[in-house]
Every structure is written in C-alpha cells, then in structure tokens.
Amino acid sequence: MRSVESQGETVLLPVQLGDVLRKERAYYNRFLTKRLPNPLVDAKQLVLFQNVPLADADALRGALGALECFCGKSSLARAYTAIHARR
C-alpha cells in the first residue's frame with residue numbers, strides 16, 4: 001500500500017501468480033498438530049514485487065488477479081480502491 005500512497009507513476013505488485021510463493025513450515029506445523037486439535041497452517045510467503053505503471057491497465061489487472069488467490073476480499077478491495085483513486 002505504501003507504493004500506492006506515494007506520488008510516483010508506478011506501484012509495486014506481483015505481476016503473475018508464480019510471483020507469490022507459499023512455503024509451509026513443516027516442523028512447526030507438526031509441533032502444532034501434536035499440541036492442538038485443529039491448528040491453523042503456518043507458512044512463509046515469498047513475494048517478487050515489480051514496478052507496474054499506473055497507466056498499464058492490463059498489467060494492473062493481472063497483478064490484482066495474481067493477488068486474489070492469496071488475499072481476502074477486503075484486502076484486495078482496499079488495494080483496488082487505492083490504485084483506482086490514483087488513476
């Protein structure tokens with residue numbers, strides 16, 4: 001969100017689905033499974049950000065599409081609103 005709040009001509013977003021990687025922490029998840037009846041899965045998220053021009057609607061659409069698999073609707077709507085307000 002910080003790149004959207006700046007006054008530049010680009011925003012930092014992952015461009016495609018492969019730019020976001022979720023790596024589960026197997027050891028920690030095994031520990032939680034032994035301690036809790038229904039634990040939430042713990043994982044790291046690795047994200048490759050790229051500068052996306054605000055004028056490039058197709059790239060912005062693709063970037064938001066890549067995020068929708070990993071973000072909730074409210075977070076995605078917040079990002080869309082911030083980007084749309086800048087255009």
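Just so you know, these numbers come straight off a predicted model, no measurement behind them. Side chains included, hydrogens not; waters and symmetry mates left out as well; all remaining heavy atoms used.
Scanning all heavy atoms of the two residues, the minimum distance from N29 to L40 falls at OD1-O, 4.3 Å. Nearest heavy-atom pair across C71 and L76 is CB-N, 4.4 Å. Of all heavy-atom pairs between P14 and A66, the closest is O-CB, 4.3 Å.
Within the structure, salt bridge (charged side-chain N to carboxylate O under 4.0 Å, His left out) contacts touching residues 41-52 (residues at least two apart or in different chains) are R25-D42.
Here the CZ atom belonging to R30 is positioned 13.5 Å from the CZ atom belonging to R35, to the nearest 0.5 angstrom. The structure places OH of Y80 at 9.0 Å from CZ of R61, a figure rounded to the nearest 0.5 Å. One finds the OG1 atom of T33 at 11.0 Å from the OH atom of Y28 (value rounded to the nearest 0.5 Å).
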Given V20 and F49, is the side-chain contact (heavy atoms from CB on, under 4.5 Å) satisfied, shown in steps? CA-CA 9 Å; V20 181; F49 289 100; over 6 Å; no
side-chain contact (heavy atoms from CB on, under 4.5 Å) between K34 and L32: does it pass, once the steps are laid out? CA-CA 5 Å; K34 292 177 184 177; L32 289 177; over 6 Å; no
Step-by-step side-chain contact (heavy atoms from CB on, under 4.5 Å) determination, V47 to D19: CA-CA 6 Å; V47 182; D19 290 346; 5.7 Å; no
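Put simply, L17 and L12 are part of the same group of oily side chains (I, L, V, M, F, W, Y) that touch within less than 4.5 Å, one to the next.
In Q45, the CD atom is crowded: over 12 heavy atoms of neighbouring residues, nucleotides or ligands sit closer than 6.0 Å.
Each of N51, L54, D56 was checked for a side-chain contact (heavy atoms from CB on, under 4.5 Å) with T10, and the lone residue meeting it is N51.
Alongside L21, the hydrophobic cluster contains L46 (criterion: ILVMFWY side chains under 4.5 Å).
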